[in-house]
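These notes concern the structure reproduced below.
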Amino acid sequence: MTSLLELNTPAAVVDTARMEHNIERMQKRMDALGVSFRPHVKTTKCLPVVQAQIAAGARGITVSTLKEAEQFFDAGVTDILYAVGMVVTKLPQALALRRRGCDLKIIADSVAAAEAIGAFGREKGEVFEVWIEIDTDGHRSGITPEEEKLLGVARALESAGMKLGGVLTHAGSSYDYDTHEDLLKISEQERHGVVRAAERLRTAGFACPVVSLGSTPTALTVPELDGVTEVRAGVYVFFDLVMHNVGVCGTSDIALSVLTTVIGHQEEKGWAIVDAGWMAMSRDRGTQKQKHDFGFGQVCTLAGEVLDGYVVSSANQEHGIVSRVGDADGDIARRFPIGTRLRILPNHACATGAQHPEYHALSASGATEAWPRFYGW
């Protein structure tokens, strides 16, 4: 066990009490809504975190790479959804996982992808379970609920002997809102769209047992989930400044921070220089287009208390610039002497976590324990 004062900096720190509170909050909400919960583990890629989510009641996980699927399967997790459109070059990797006993689900949003999956499955004697991705907000991928192509994908899968497992969607545009009223609208749009897609498939004679949706903002806002069977969300486990600006958490809920040390000053500019640049924080400037721009991160004391007005205003590869928003601070050297340890709350927990090989899990006693992250594609 190591204290924050003993860690080399920069280092990714997880406040375990906050993390556990976030897990409990989400799981209780899903239980109350009567749906299964399948967390997206790309946020953390960390076995102790995922074990805590499963212990709280999560049923299966969502991954963004097949390497993640392999690593979590090796660690004992068997129910896995690979929630990125499948291409033929990755099918051998998916097949190997299924042949080892992994209950791996894959997704498609085009007839071409469905046909490729079907042809490969027939050739290898494998019945892949495929979910169709639905676009409910024009955010990124998927088929809109009323498109004829939806039934075409289902027909391609069925004719090849594959299993249509269900439909899924992701309200990615929910990150663009910051009022409860707008989040209610986008969450109902998400729910209605994916349920409508499932209804169309069933009316056409296709089985559609799973109706899956999810984003952290909508999961924490939607008042009811009629017609939905499961929810997926990821960043809720740590939260971040983007989610704070969206309005679904406070800074006191953010469980991930980057521990850094003051290494110098530019007093005439009101700068303190720290050893956490974008290699530690990531280049993500997700709050830049929101009402409150936190630069590259919100500065906190070593104890995790927010220092209002102080942000990492600029970053190079290994250097971060701490300054006060709105004015220069002539006493910056007195405020942050060289050697001072600070913690920086991130804009985007997924991106910041990805910069580090491990987390340092901080207990209430002040001791930390190393939690490795899974790496690789």
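Computation of the quantities below employed the complete heavy-atom set of this structure, encompassing side-chain atoms and omitting hydrogens, waters and symmetry-equivalent molecules.
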Set of ring pair (Phe, Tyr, Trp, His ring centres under 6.0 Å) partners for Tyr82, sequence neighbours left out:
none
Scan residues 255-265 for pairs that pass salt bridge (charged side-chain N to carboxylate O under 4.0 Å, His left out), counting only residues two or more places apart or in two chains.
none
Looking only at the side chains, is there a donor atom on one of Trp131 and Glu133 sitting less than 3.5 Å from an acceptor on the other?
no
Determine which pairs satisfy salt bridge (charged side-chain N to carboxylate O under 4.0 Å, His left out) with at least one residue from residues 38-54, sequence neighbours left out, and list them in order.
Arg38-Asp79, Arg38-Glu230, Lys45-Glu68
Output every pair passing side chain to side chain donor-acceptor pair (under 3.5 Å) with a member in residues 154-168, not counting sequence neighbours, ordered by first then second residue.
Glu148-Arg155
Distance-only donor-acceptor check, side chains Ser173 and Asp176, under 3.5 Å
no
Set of residues satisfying ring pair (Phe, Tyr, Trp, His ring centres under 6.0 Å) with respect to Phe296, sequence neighbours excluded
none
Taking atom types as modelled, find out whether Thr78 and Asp103 have a side-chain donor-acceptor pair closer than 3.5 angstrom.
no
Considering only residues two or more places apart or on different chains, which pairs with a residue in residues 238-249 satisfy side chain to side chain donor-acceptor pair (under 3.5 Å)?
Asn245-Gln290
Under the side-chain contact (heavy atoms from CB on, under 4.5 Å) test, which residues partner Asp135, sequence neighbours left out?
Asp137, Thr144
Pairs in or reaching into residues 56-66: which pass salt bridge (charged side-chain N to carboxylate O under 4.0 Å, His left out), with residues at least two apart or in two chains?
none
Can you check side chain to side chain contact (heavy atoms under 4.5 Å, CB included) on Ile321 and Ile273, steps first, answer last?
CA-CA 5 Å; Ile321 295 174; Ile273 313 302; 4.0 Å; yes
Between Met19 and Val237, does a side chain to side chain contact (heavy atoms under 4.5 Å, CB included) hold up when you go through it step by step?
CA-CA 6 Å; Met19 181 195 80; Val237 71; 3.9 Å; yes
For Thr352, all residues meeting side-chain hydrogen bond (donor to acceptor under 3.5 Å, both in side chains), sequence neighbours excluded:
none
Going by the ring-ring contact (aromatic ring centres under 6.0 Å, His included) test, which pairs reach into residues 24-76, not counting sequence neighbours?
Phe37-Tyr236, Phe72-Phe374
Quick test of your reading: applying side chain to side chain donor-acceptor pair (under 3.5 Å), list the pairs with at least one residue in residues 110-123, sequence neighbours left out, ordered by first then second residue.
none
May I ask you to check whether Thr221 and Ser187 show a side-chain donor-acceptor distance below 3.5 Å?
no
What pairs of residues pass the salt bridge (charged side-chain N to carboxylate O under 4.0 Å, His left out) test when at least one of them lies in residues 342-366, not counting sequence neighbours?
none
